[in-house]
Amino acid sequence: MSTYRYPKRQELFRRAAGVIPGGIYGHFSPATLVPPSAYPFFTARAEGARFWDVDGNTFIDYMCAYGPMVMGYGAPHVEEAAEAQRRLADCTTGAAPVMVDLAELLVDMMPAADWAFFAKNGADVVNFAIMIARDATGRDKIVMIEGAYHGTTGWMQGPGHHGVIEADQHQVIRIPWNDVPAFEAVLDRHHGDVAAFISTPYHIPAFADSQMPAEGYWEKIQALCRRHNVVLIVDDIRHGFRLDMAGSSAYFGFSPDLTCLGNAMANGYPISALVGCEALKSTAARVFHTGSYWFQAVPMAAAKANLVKMGEINAPQVMLTRGALLFDAMVNIATTYGYDLKVSGVPSMPYLRIADDESLMLHQDWCAEGTRRGAYFTPHHNWFISAAHTDADIQQTLEIVDEAFKAIKGKNLPIEC
Ligand SMILES: Cc1ncc(COP(=O)(O)O)c(C=O)c1O
């Protein structure tokens with residue numbers, strides 16, 4: 001199996017670095033791809049579960065645009081709905097009727113939704129959720145989980161990040177995941193000051209295994225929030241519609257006051273949503289939060305068509321089943337080469353790591369070898385699978401996985417020492 005080369009990528013990146021900070025910034029920055037030499041930086045075209053880079057190499061995509069692609073690039077049901085809406089109107093004066101359809105759909109689908117509000121990015125609705133919680137409670141403090149990601153606004157980023165000032169952190173208290181006593185201690189210490197508890201449905205730190213909720217965790221967190229009048233916010237932006245169409249809180253059996261949604265909603269069209277309980281609807285109506293493009297009708301039409309289709313095929317179940325097949329088979333292949341491949345989280349968005357390799361270099365190298373052969377694997381972030389990954393994609397991926405293990409075995413990297 002030959003491995004990919006990226007000469008055109010190099011030339012394009014050289015031009016990009018001349019006119020764009022960092023060349024490519026944020027989560028697509030080559031700095032997040034280790035080693036960068038193994039990865040394509042630019043996508044020329046995408047279809048189904050695959051994309052093509054500027055050098056003409058094809059990749060089976062296990063990052064799915066870092067979450068938004070859920071039903072396949074260019075999925076006809078989404079593109080047709082988007083195109084039909086585009087012919088009518090998109091960014092106009094006045095909201096489109098499809099906004100009401102989409103809100104009704106979410107309210108019908110999700111037990112935690114009595115109303116819905118739309119924006120563009122996940123961080124928009126996380127910020128809105130925090131504003132609502134503060135306005136509803138008259139309190140300032142936010143409790144979040146150490147190592148959690150909720151976007152890049154100052155308060156959401158950990159201390160020490162560039163451009164984040166100390167004051168951004170003043171009202172934020174971080175506690176470990178799965179630590180109910182730590183939350184109780186915060187509620188005691190800051191009695192009457194905590195506006196909200198915010199967390200993802202299960203913990204997805206970068207550079208570390210995903211961690212599921214301990215038995216009874218969410219029940220206890222919910223009970224504490226209710227007892228202390230703290231608004232319970234679930235950041236379901238990454239997990240949402242990859243565990244359950246009714247929301248990840250339904251999957252884990254609890255009832256948040258506010259749920260932030262985004263990534264998988266519209267199969268790549270820019271839209272996010274905050275859904276919430278009746279008791280917070282009037283607060284949500286009076287907190288001013290908006291944006292120039294938040295009423296765009298095309299992403300709303302795309303989201304409506306996408307969510308309906310995902311519900312019809314039970315897309316989360318399709319991804320969970322297909323992912324379980326793939327990742328179980330990968331673990332077996334790893335064993336035949338003498339490696340212990342750890343898979344954590346759910347199979348629709350798992351985190352993978354080769355065990356007994358604290359340096360993570362072996363795992364990085366294995367991901368790089370897979371990517372160079374056409375299966376896009378990143379080493380330090382959870383992966384994603386979509387409902388568009390076919391049996392043929394999975395079969396080809398397993399062949400690449402085998403070759404990638406063979407390649408690292410041949411190099412005698414640190415684990416062998
Ligand atoms: C859990 C979580 N919260 C918030 C965000 C921020 O979303 P966005 O990048 O759309 O602002 C993300 C981004 O992927 C996320 O994974």
Side-chain angles (χ1 to χ4, degrees), residues 24-29 32 61-70 117-133 142-158 161 163-164 172 174 177 196-213 218 232-244 247-249 251-252 256 258-275 289-294 296 299-300 302-303 306 344-346 348-351 378 380-386:
I24 305 171
Y25 42 82
H27 58 300
F28 283 172
S29 163
T32 66
D61 191 355
Y62 288 99
M63 286 310 287
C64 297
Y66 282 68
M69 191 281 273
V70 72
F117 172 104
F118 303 105
K120 283 284 147 209
N121 283 293
D124 299 334
V125 291
V126 172
N127 277 320
F128 188 41
I130 297 298
M131 289 170 81
I132 292 172
I142 306 300
V143 179
M144 65 176 280
I145 303 298
E146 281 166 10
Y149 182 73
H150 297 296
T152 60
T153 311
W155 74 263
M156 301 178 194
Q157 296 204 37
H161 285 245
V164 174
V172 181
R174 289 179 167 79
W177 168 250
F197 174 88
I198 180 166
S199 170
T200 52
Y202 70 79
H203 193 35
I204 43 169
F207 290 89
D209 294 351
S210 294
Q211 294 168 47
M212 302 306 275
W218 275 118
L232 175 52
I233 304 171
V234 170
D235 177 348
D236 209 7
I237 289 161
R238 199 179 306 176
H239 306 62
F241 311 118
R242 279 197 156 84
L243 280 74
D244 195 313
S248 304
S249 53
Y251 183 88
F252 288 116
L258 297 171
T259 303
C260 309
L261 298 164
N263 283 6
M265 270 180 79
N267 202 45
Y269 280 84
I271 186 165
S272 58
L274 184 72
V275 302
H289 199 46
T290 191
S292 299
Y293 302 100
W294 288 12
Q296 246 191 312
M300 291 177 182
N306 192 46
S344 54
V346 299
S348 51
M349 43 176 287
Y351 182 84
T378 51
H380 305 308
H381 191 285
N382 69 273
W383 297 6
F384 298 94
I385 191 163
S386 76

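Just so we're clear, the structure is a prediction, and the values are computed from it rather than from any experiment. Both ligands and their constituent atoms are indexed starting at 1 by order of listing.
Nearest to atom 11 (O) of ligand 1 among the protein's heavy atoms is Ala123 N, 2.9 Å. For atom 3 (N) of ligand 1, the closest non-hydrogen atom on the protein side is Asp235 OD2, 2.6 Å.
Listed by number with element, the atoms of ligand 1 under 4.0 Å from a non-hydrogen atom of Tyr149 are 1 (C), 2 (C), 3 (N), 5 (C), 12 (C), 13 (C), 15 (C). Shown in contact with Gly122 at under 4.0 Å from a heavy atom are these atoms of ligand 1, numbered in order with element: 7 (O), 8 (P), 10 (O), 11 (O). The distance from ligand 1 to the heavy atoms of Thr200 drops below 4.0 Å at these ligand atoms: 1 (C). The distance from ligand 1 to the heavy atoms of Asn263 drops below 4.0 Å at these ligand atoms: 14 (O).
Among His150, His239, Lys120, His27, the residue whose heavy atom lies closest to atom 4 (C) of ligand 1 is His150.
Ring-plane geometry between Phe252 and Tyr202 is classed as perpendicular, the angle between the planes exceeding 60 degrees on a 0 to 90 degree scale with a lower cut at 30. The aromatic rings of Trp177 and Trp218 lie perpendicular to each other, with more than 60° between the two planes, well past the 30° mark. Ring-plane geometry between Trp294 and Phe117 is classed as perpendicular, the angle between the planes exceeding 60 degrees on a 0 to 90 degree scale with a lower cut at 30. His289 and Phe128 have parallel rings, their planes meeting at less than 30° on a 0 to 90° scale where 60° marks the start of perpendicular.
The minimum heavy-atom distance linking His239 with Ile204 is given by the pair CE1-CD1, 3.4 Å.
Side-chain atoms of Asn267 come within 3.5 Å of backbone N or O of Val70 as a donor-acceptor pair. Of the possible donor and acceptor atoms, one in the side chain of Ser344 sits under 3.5 Å from a partner among the backbone N and O of Ser210.
Distance screen at 4.0 Å: atom 9 (O) of ligand 1 has no protein heavy-atom neighbour inside the cut-off.
Residue contacts with ligand 1, taken as heavy atom pairs separated by less than 4.0 Å, involve Asn121 via backbone and side-chain atoms alike. Under 4.0 Å from ligand 1, not a single heavy atom of Val126 appears.
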